[in-house]
Each structure stands twice: as structure tokens, then as C-alpha cells.
2 protein chains.
Amino acid sequence: MPERRTAELHEAVKRRLEERNIRYTRGRRSVVTALVRIEGPESTAELHRRMRGVPLSSLYRNLVVLDEAGVVQKHHDADGLARYELAEWLTGHHHHVVCVDCGTVEDVSLSDEDEEMIGRLARQIAERAGYRETGHNIEVEGVCPSCQHD
Amino acid sequence: MPERRTAELHEAVKRRLEERNIRYTRGRRSVVTALVRIEGPESTAELHRRMRGVPLSSLYRNLVVLDEAGVVQKHHDADGLARYELAEWLTGHHHHVVCVDCGTVEDVSLSDEDEEMIGRLARQIAERAGYRETGHNIEVEGVCPSCQHD
DNA sequence: TATGAAATGATAATGATTCTCATTTCTGGC
DNA sequence: GCCAGAAATGAGAATCATTATCATTTCATA
């Protein structure tokens, strides 16, 4: 993500939080900063490693706050551990490829036509079960480049 | 699932386990039996409730065994809790609709044409990230019928 | 600068899952 | 049927990510 955009992103987050009377503190800023550099949802352990000086309890607490404010999106990997990334209104709509070997998750975007197709299928799936759709995404499993050694 | 098929299903599971020199014991049978009645991935707590007389430690241990043998498929809900269902080679390929309110998960199947379309997109997503694809599924989020009260 | 609300950091508590180990149940050969 | 070894079980302890607690600090506003 280009330098330029990062400042705008922080501004957008700040506005979003202020609308909800939540302060955009240094700890929360550093969560967002750590998340900007990332290719796909990262574990809390990894995020903590990237953020020297921020206590684990604060990280957890702020992830909850940012999640409830819709700034961040929470996922779970194959072991059930939490992984976070910036919400789609900040990064754009995308899907995930998960490595079945090492557990890494990467973001992938599709063309507008393909997205439309998926959207239609998702609506159909929801409708068939009597659900009111609120979102969808394709989870693709595979073996990532660096795990394909044999 | 019809009565008739249930016996065949147990036979298929038995063969699968025997190939791996794993015994198909009463405890394991009752896990499979509990799973047959289910509409979508169920939590371990719910499974345990359905299986009076089976200690929790045995349930957990057998879920691991059945998962490693490919009899059962493990998922995680929005809270990161484990949910299990029978593997697709026993039930057929399908997708999931998740209620964002109560967390229930239901299975949904699509037409062959739609499946082909999704398969193509999944391959494309994997390829774009340099992954060798091993599987995929669409996760649709929505509000289930019984949570649509307002 | 004072005041009350919100956020922090250190630590304790929680709860799902996994591990341990003594006991029990299978299986295959005699 | 009976034995020996392997596998499975059950009860409980241990683990570990995540949450809650609470005294202290920081912030926004007057």
C-alpha cells in the first residue's frame, strides 16, 4: 500500500471511530499500521510481534473495539486461531486462498464480471435456505508456492 | 438421511478406517450417528449433548481420529469454536450459509452448472496466487429465518 | 488547569481443547 | 476359550488463546 494512501486511510478510520465516539489512540493507530503492511489476515501472535511495545492485553482489547466499529475483519484459521485484516470498505472486496500446509492466507481479487457471478450464486444460496444475505466470500484451499517442494 | 443409507454409510466409514488400521468402536460409531442427523456443521457442545453417555474427552479424541482419517470435516464458527460434519465423500459436495445472528450453519447444494462455474473461479483464484488447488467452498453470511423477526 | 470519561497495562480468570495415565476392551494366535 | 500385546477409554489435570478485572494514566472539554 502506497505511503500516500496510508495517511488517508488513517483519516478514514479516525472519522469512522469519531462517529461512534471512540478515540483513535496511539495503540489503535499501531494496530491499523500493522494491518496495512499485510498480504492477508494475520494471527494476533504475528501482529503482536510486529508491534513492539504494545502489550498483548491492549492489542486484544483494541482488536475487539476495531472489530465492533467495523474497521477490522476477524477470521479464524484451520486451528481456530483468530486472524485479522482491515475491513473491505478500506481495502476493497476480495477472497482468500489458504495454504493447507502452513496456514498462510492471501487476498485475491477477481474481475467485476466474476464478482457479479459469485454475487448471483451467493444470493441464490442464501435464498434457497431462506436467509437474508449480508455477505459472502470464496475460500480456496491449496498448497502455497513455498510449500510445494515435493 | 434415509434409514437404508445409514447402514451403508457406517459400512463405508468402517472400510475407510480399516484401511488405516483404526478400529470402528462404539464411541466412534455414535459420533457418526450423531453427525448423520445434522443439517450443517455442529459444535462439539451440541454433539456432546446429543450423545448421552459419551464422555467429553472421548468425543474430542474421536473427532480428531475421524478428522485425520478424513471421515469428518472440521470447521470453525465466528467465535472460533469447532464445528464438525461428515466429509463430502459421504454427503456430497455442498456449501454453507451462516447466520450472523445465532451462528447456525446450514448446508446448501448447487446445480452442476453452477458448481462448474465456481470450480472455474476457484481454480483461477488459486492460480493467480500460485497455489495448487485442493478444494474450495463459498461461505454465505446472512440472517436465518428464525432470526428475521424485526 | 480541573474534572470526569475513556484507555491502558499488568495480571488473574475463563473456557475450549489437548494431554496423561491407569484401566478396560479388542484382536489374533494358540 | 484363553493370553498377550495393542488400541481405546474415562477421569481428571494441563495448556493456551482469549477475556475480564482494576488500579493507574491519558484525553477531551470546560
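Only a predicted model underlies this, so the values are computations on that prediction, with no experimental measurement involved. Reckoned from all heavy atoms, side chains included, excluding hydrogens, waters and symmetry mates. Below, read A as the first sequence line, B as the second, and so on, with proteins coming before strands; counting in each chain starts at 1.
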Checklist entry - Among pairs that include at least one residue of residues 57-66 of chain A, which meet side-chain hydrogen bond (donor to acceptor under 3.5 Å, both in side chains), considering only residues two or more places apart or in two chains? => result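 Counting only pairs at least two positions apart or across chains, the side-chain hydrogen bond (donor to acceptor under 3.5 Å, both in side chains) contacts touching residues 57-66 of chain A are Arg28(A)-Asn62(A), Thr44(A)-Tyr60(A).
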Next on the checklist: According to ring-ring contact (aromatic ring centres under 6.0 Å, His included), does anything in residues 112-139 of chain A pair up with another residue at least two apart or in another chain? List the pairs.
Outcome noted: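 ring-ring contact (aromatic ring centres under 6.0 Å, His included) check on residues 112-139 of chain A returns His93(A)-His136(A).
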Item to check | Interface limits on DNA chain C, where chain B has a heavy atom under 4.0 Å of a nucleotide atom | outcome: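 From 5' to 3', the first and last contacting nucleotides are dA16(C) to dT27(C).
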Next on the checklist: For Ala78(A) versus His76(B), what's the shortest heavy-atom pair and its separation?
Outcome noted: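 Taking every non-hydrogen atom into account, O-NE2, 3.1 Å.
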Excluding sequence neighbours, so at least two apart, what forms salt bridge (Lys or Arg N to Asp or Glu O under 4.0 Å) with [X]?
X        : result
Glu39(B) : none
Glu46(B) : Arg49(B), Arg50(B)
Asp77(A) : Arg83(A)

Item to check | Between C1' of dT18(D) and CG of Leu81(B), the distance in whole Å | outcome: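 Taking CG of Leu81(B) and C1' of dT18(D), I get 11 Å after rounding.
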Item to check | Length of the line joining Leu56(B):CG and dT9(D):P, which is rounded to integer Å | outcome: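 Leu56(B) atom CG is separated from dT9(D) atom P by 14 Å.
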Item to check | Near-strand residues of residues 57-80 of chain A, defined as heavy-atom separation under 4.0 angstrom from DNA chain D | outcome: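 Per residue number, the list reads Ser57(A), Tyr60(A), Lys74(A).
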Checklist entry - CD1/Ile38(B) to CD/Glu85(B) distance, rounded to the nearest 0.5 angstrom? => result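 If we round to the nearest 0.5 Å, Ile38(B):CD1 and Glu85(B):CD are 9.0 Å apart.
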Checklist entry - What is the distance from atom CE of Met51(A) to atom CZ of Arg29(A), rounded to the nearest 0.5 Å? => result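 Answer for the CE-CZ pair, Met51(A) versus Arg29(A), is 13.0 Å.
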Item to check | Val54(A) vs Arg83(B), nearer the 5' end of DNA chain C by closest nucleotide | outcome: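 Residue closer to the 5' terminus by nearest nucleotide: Val54(A).
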Next on the checklist: Under 3.5 Å, is there a donor on one side chain and an acceptor on the other for Glu106(A) and His95(A)?
Outcome noted: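 Looking only at side-chain atoms, His95(A) and Glu106(A) do not form any donor-acceptor pair under 3.5 Å.
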Checklist entry - Would Gln124(B) and Asp114(A) count as having a side-chain donor-acceptor pair, cut-off 3.5 Å? => result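 Looking only at side-chain atoms, Asp114(A) and Gln124(B) do form a donor-acceptor pair, the distance falling under 3.5 Å.
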Checklist entry - If you link I, L, V, M, F, W and Y whenever their side-chain heavy atoms are under 4.5 Å apart, who else ends up in the same group as Val143(A)? => result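 Its cluster mates, by chain and number, are Val100(A).
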Checklist entry - Other than Val98(A), what residues sit in its cluster of Ile, Leu, Val, Met, Phe, Trp and Tyr side chains whose heavy atoms are under 4.5 Å apart, directly or through others? => result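 When side chains under 4.5 Å apart are linked, the cluster holding Val98(A) also contains Val105(A).
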Checklist entry - Listed in order of residue number, which residues of residues 38-51 of chain B have a non-hydrogen atom at under 4.0 Å from DNA chain C? => result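 Result for residues 38-51 of chain B: Thr44(B), sorted by number.
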Checklist entry - Does a side-chain heavy-atom distance below 4.5 Å link Tyr24(B) with Val32(B)? => result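 Side chain of Tyr24(B) against side chain of Val32(B), heavy atoms only: contact under 4.5 Å found.
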Item to check | Degree of bending in the helix from dT1(C)-dA30(D) to dC30(C)-dG1(D) once both end axes are built from five pairs, to 10° | outcome: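 Taking the rotation axis at each end, their angle is 30°.
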Next on the checklist: Between Arg128(B) and Ser109(A) (side chain of the first, backbone of the second, donor and acceptor by atom type, cut-off under 3.5 Å), is there such a pair?
Outcome noted: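 Between the backbone of Ser109(A) and the side chain of Arg128(B) there is a qualifying donor-acceptor contact (under 3.5 Å).
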Item to check | Donor-acceptor pair, side chain of Trp89(A) and main chain of Val71(A), under 3.5 angstrom | outcome: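 Such a contact is absent between Trp89(A) side chain and Val71(A) backbone.
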Between the protein and nucleotides 27-30 of chain D, which nitrogen or oxygen pairs come in under 3.5 angstrom?
none

